[in-house]
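For reference, the structure discussed in these notes is given below.
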Amino acid sequence: MPPESPKSSGMNTSAPTPANAKSTGLEGVVVADTRLSDVDGERGRLIIAGHDVESLATRATFEGVCALLWGRDDAAVRMALGRGRARAWSKRAGLGDALEATDGMEALRAATAHLRSSEFPDDADIAGAVAVFASAWARRREGLAPVAPDERLGHAADLLRMSVGRTPDPARIAGVDAYLVTVSDHGMNASTFAARVVASTASDTVSAIVAALGALKGPLHGGAPGPVLDMLDAIAVPEGAAAWLEGELNAGRRIMGMGHRVYRVRDPRAAVLERALLRLEQAGVSTPRVALARAVEQAAVGVLRARHPTRPLLANVEFYTAVLLDALGFPRALFTPIFAVARTAGWCAHIAEQRATGRLIRPASRYTGAAPPA
Ligand code: COA
């Protein structure tokens, strides 16, 4: 894409293209100034609202990270999220057949699209609704009745409770919070950009979130953690890892949970989620796939290095997302919708930030079609 002046499009091309990346023409194109989060792919550092992800994930709740990203007070956000969940629950009869979709992200996108922006004006309303719809879809898929939200609970506790039907213990609640905080925002990426493009037209937040959900749904963005768990099940024992992985690569398939467009070192969020798993273990919660996951990761690094010696292909966030969400009790079909629940925090913040600029994002394309007849 030829560079447009920042004045006309809000874009400039000052950032470098990551080493070894195959270009889509958009790598490294700066499309926004943001105070929300920063990804340093060379050093493996993620800053969210002025905090390193490692420290934020052990200290903050979902409400806390929303408060930081949205510039609001923790307690007010907690109340608003509870109200948002209750409001979404009261609208469930008006969702048509949205929650009957077999794919969780399709259900979430369709259900969210039913929200009227006038009835869900606040970021917390939409974040609450996404959690209610994701959980209700998971219950329905199992042939179970949906569980009504409990406004008094924190968002993490209520999300797990609505999904699995039991009030969780403090260790599991802390595990859910650690996950939600860790993936709440991640610089510029496909879904965040989609949300900002819609917001830049002065459209409403619900529309922007629906666009973001559509982008996150794709397997190259948010769809990997379920397949990671499938991979661990297929490998079953550490000794089987290398041969299984070689077989996948020989068949022309990618190893899920490995590689990243920006990180050239191990994704820092992988370590954060591994530590969350360790805390669960220490609290006596069973974490059945951790040892196998470590062995498979090690084997995957080895086989990928042998094939791509100059391109670091290491574990990304999805690898340990799969192991953590599984240990917490979420069904694997719900993994990407849970990612969406968390990322709604970041999307809403980016939407507000984009809106505040008052600038329409209007990129350019290069015409490669036929010339009109003379
Ligand atoms: N397994 C096997 N090979 C991989 C790979 C993976 N997970 N990730 C990248 N590669 C290979 C590519 O096939 C390519 O090989 P080639 O040069 O022989 O064609 C090379 O590494 C460079 O890949 P490229 O396509 O430039 O990487 P990308 O920046 O487009 O990829 C991802 C980023 C995330 C899309 C990619 O690593 C991937 O598909 N990972 C698996 C899905 C996943 O975990 N997604 C969640 C991301 S958080």
Side-chain angles (χ1 to χ4, degrees), residues 15-29 37 39-42 44-46 48 53 105 179-180 182-194 212-213 215-232 234-235 241-274 293 296-326 332 335-340 342-343 346-347:
T17 299
N20 300 329
K22 283 183 186 164
S23 180
T24 59
L26 278 171
E27 280 85 10
V29 175
S37 62
V39 181
D40 180 340
E42 298 296 328
R45 185 173 194 198
L46 169 60
I48 301 176
V53 66
M105 286 302 286
Y179 172 71
L180 297 178
T182 301
V183 304
S184 59
D185 201 40
H186 199 239
M188 193 50 62
N189 54 76
S191 58
T192 299
F193 186 46
L213 288 167
L216 188 73
K217 177 174 180 284
L220 297 186
H221 189 1
V228 167
L229 211 58
D230 296 340
M231 168 177 75
L232 296 180
I235 293 174
W244 190 93
L245 295 165
E246 293 284 6
E248 286 297 286
L249 295 177
N250 291 341
R253 288 189 286 269
R254 291 187 174 201
I255 309 303
M256 290 294 117
M258 301 297 294
H260 198 275
R261 177 58 64 81
V262 177
Y263 290 119
R264 292 295 172 265
V265 292
R266 194 172 185 250
D267 185 333
R269 297 168 299 173
V272 171
L273 299 184
E274 254 189 304
V296 171
E297 181 191 354
Q298 210 180 2
V301 169
V303 298
L304 288 168
R305 188 183 294 131
R307 292 188 187 226
H308 300 278
T310 60
R311 163 75 184 228
L313 291 170
L314 304 163
N316 63 49
V317 66
E318 311 288 28
F319 202 92
Y320 287 95
T321 288
V323 186
L324 177 61
L325 294 186
D326 175 57
R332 76 185 73 188
F335 290 178
T336 304
I338 298 288
F339 185 1
R343 188 54 65 82
W347 290 333

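We count ligands from 1, going down the list as the structure has it; atoms in each ligand are counted the same way. Just so you know, these numbers use all the heavy atoms, side chains as well, and skip hydrogens, waters and symmetry mates. Not measured: the values here are computed from a predicted model.
- Of the options V183, L314, T321, L313, the smallest heavy-atom separation from atom 9 (C) of ligand 1 is shown by L313.
- By the 3.5 Å distance cut-off applied to N or O atoms, M258 is counted among the residues near ligand 1.
- Residues satisfying the salt bridge (charged side-chain N to carboxylate O under 4.0 Å, His left out) criterion with E274, sequence neighbours excluded, are R266, R294.
- Under a 3.5 Å cut-off, the side chain of N316 and the backbone N or O of G259 do form a donor-acceptor pair.
- If you check each of M256, R261, R254 against atom 24 (P) of ligand 1, the one with the closest non-hydrogen atom is R254.
- Interface atoms of ligand 1 facing G259, defined by a heavy-atom separation under 4.0 Å, are 34 (C), 37 (O).
- The two atoms that bring P225 and T321 nearest to each other are CB-CG2, 3.9 Å, heavy atoms only.
- Residue-level proximity to ligand 1 for R307 is absent, since no heavy atom of it falls below 4.0 angstrom.
- Closest approach of A293 and L232 over heavy atoms only: CA-CD2, 4.0 Å.
- Checked against a 3.5 angstrom limit, the closest N/O atoms of H221 and ligand 1 fall outside it.
- Pairing each heavy atom of M256 with each of M231, the nearest pair is O-CE, 3.7 Å.
- Note on ring orientation: taking the six-membered ring where Trp is involved, the planes of H221 and F339 are perpendicular (angle over 60°, cut-offs 30° and 60°).
- Under 4.0 Å from ligand 1, the heavy atoms of L304 that appear belong solely to its side chain.
- With a 6.0 Å radius and a threshold of 12 heavy atoms from other residues, nucleotides or ligands, Q298 has its CD atom at or below the threshold.
- Checked by distance only, ligand 1 and R311 come closer than 3.5 Å through their nitrogen or oxygen atoms.
- Of all the heavy atoms of E318, the ones lying under 4.0 Å from any atom of ligand 1 belong exclusively to the side chain.
- Annotation: I255 places an N or O atom under 3.5 Å from an N or O atom of ligand 1; distance criterion only.
- For R253, the salt bridge (charged side-chain N to carboxylate O under 4.0 Å, His left out) partners at least two apart in sequence or on another chain are E248.
- The distance criterion of under 3.5 Å between nitrogen or oxygen atoms is met by G257 with respect to ligand 1.
- With a 4.0 Å cut-off on non-hydrogen atoms, L249 touches ligand 1 through its side chain and not its backbone.
- At a 3.5 angstrom cut-off on N or O pairs, N316 counts as close to ligand 1.
- Side-chain polar atoms of E297 and Y320 form a donor-acceptor pair below 3.5 angstrom.
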